[in-house]
Amino acid sequence: MSRYDQFADVYRNLDLLPLYTPEKIKRFRVPYAQRTLLELEEAVLAPVDNSKTIFTGHRGCGKSTLLSQLADRMREENLFVAGFSIARMVEMSDVNHINILYSMGIQLLDKAEELTVPIDANVKESLVQWFTQTKSKTYAEQLKQEFSLGANLLNFFQGKLQKESSFREEIKETYERRMSDLSRHLDGIAGVIQEATGKEILVIIDDLDKLELPIVKSIFHDHIQSLFSPNFRVVYTIPISVVREPWLTATLESERRTVVMLSVTKFFPKALAHEPDAEPIAANVEMLEAMLEKRIPDELIDVDVKRQIMMTSGGVLREQVRLAQECCRECML
């Protein structure tokens with residue numbers, strides 16, 4: 001490769017966040033924010049009924065990668081895990097509590113299909129056909145006709161939720177006064193899967209933290225009881241900017257729900273943070289250094305430059321990536 005192509009390759013490597021595929025995980029994952037991961041595990045596995053966890057942190061700092069790790073760990077704990085990004089399911093400007101729950105049901109059934117969970121054919125048919133039931137009988141018949149042509153469950157309804165505002169509105173009108181029906185159906189899907197697998201259910205929903213703040217308030221303030229109504233474990237993400245808002249604090253306290261915050265890596269103990277000769281915490285420096293080493297070949301970066309990028313980032317992963325990419329741009333130029 002030419003030197004230009006080498007730096008272009010590094011630039012792409014630095015953009016590989018979040019890490020989902022096994023190949024990318026093997027190449028690029030470092031043990032980042034392991035304390036936060038343990039806090040998430042404890043919250044999810046807590047011996048309480050109807051467990052729900054709120055996860056937050058700065059954007060671009062590894063939440064999605066950490067949630068992927070959490071999913072792997074919970075599968076090792078013998079949970080049935082369905083994780084998905086709300087951005088891939090629903091048009092982001094039109095996300096609401098109803099289509100979040102509706103998406104959960106689709107994802108649970110799709111995961112069961114992927115893992116060939118042994119569900120009775122008639123029961124499965126009944127669960128799948130429920131998604132075509134809407135307030136308007138005419139619309140419901142149209143959906144059944146379209147879906148009967150051999151469409152994949154996830155692809156069909158994902159396309160509808162992403163592209164058709166009329167479908168989202170129909171779902172909203174169908175369930176906004178019948179939330180108990182929607183919640184009961186979700187529990188039915190979860191119950192069938194749990195009976196077939198012998199595993200408790202966990203749903204992880206990513207990218208809710210990327211929603212506009214008015215939408216976030218509508219979901220997590222006005223309709224939070226609906227989100228907490230399914231009788232299985234759920235992890236929700238939320239923007240860090242609203243965590244200290246009085247309306248959310250009061251709501252979460254009244255519901256006794258756990259909030260886990262992704263910690264920022266600290267280079268110095270608090271007592272020494274402003275000392276000019278303070279020694280950085282070696283383990284944290286090595287961890288962020290490993291993140292760069294996995295993405296930038298040694299022959300393309302000077303050791304001192306690597307350290308400067310790291311220390312200038314202040315321990316914020318997003319900032320470290322940005323600085324390294326800026327360096328790549330300069331080298332390519």
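FYI, the numbering just counts along the sequence from 1.
- Classified by interplanar angle (parallel below 30°, tilted 30° to 60°, perpendicular above 60°), the ring pair Y102/F167 is perpendicular.
- The side-chain hydrogen bond (donor to acceptor under 3.5 Å, both in side chains) search around K210 returns D207, not counting sequence neighbours.
- Annotation: W130 is not in aromatic contact with F157 [ring centroid separation under 6.0 Å not met].
- Across all their heavy atoms, F267 and G315 have their closest contact at CE1-N, 3.3 Å.
- With sequence neighbours left out, E170 forms a salt bridge (Lys or Arg N to Asp or Glu O under 4.0 Å) with no residue at all.
- When all heavy atoms of L161 and M89 are compared, the closest pair comes out as CB-O, 3.1 Å.
- Residues Q107 and G83 share a closest heavy-atom pair of OE1-O, 4.5 Å.
- Looking at residues two or more places apart in sequence or on another chain, you find no ring-ring contact (aromatic ring centres under 6.0 Å, His included) involving F7.
- For Y236, the ring-ring contact (aromatic ring centres under 6.0 Å, His included) criterion is met by no residue, not counting sequence neighbours.
- When hydrophobic clusters are built by joining Ile, Leu, Val, Met, Phe, Trp and Tyr residues whose side-chain heavy atoms come closer than 4.5 Å, directly or via intermediates, L38 is not grouped with M74.
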Subject >> Test log, rule side chain to side chain donor-acceptor pair (under 3.5 Å), inputs R3 and Q6 >> reply: CA-CA 5 Å; R3 185 53 58 96; Q6 286 179 297; 2.9 Å; yes
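- Within the 4.5 Å cutoff, the side chain of F28 has heavy atoms near those of the R295 side chain.
- If you check the side chains of Q158 and Q162, you find no donor sitting under 3.5 Å from an acceptor.
- Residues satisfying the salt bridge (Lys or Arg N to Asp or Glu O under 4.0 Å) criterion with E146, sequence neighbours excluded, are K160.
- With sequence neighbours excluded, no residue satisfies salt bridge (Lys or Arg N to Asp or Glu O under 4.0 Å) with R177.
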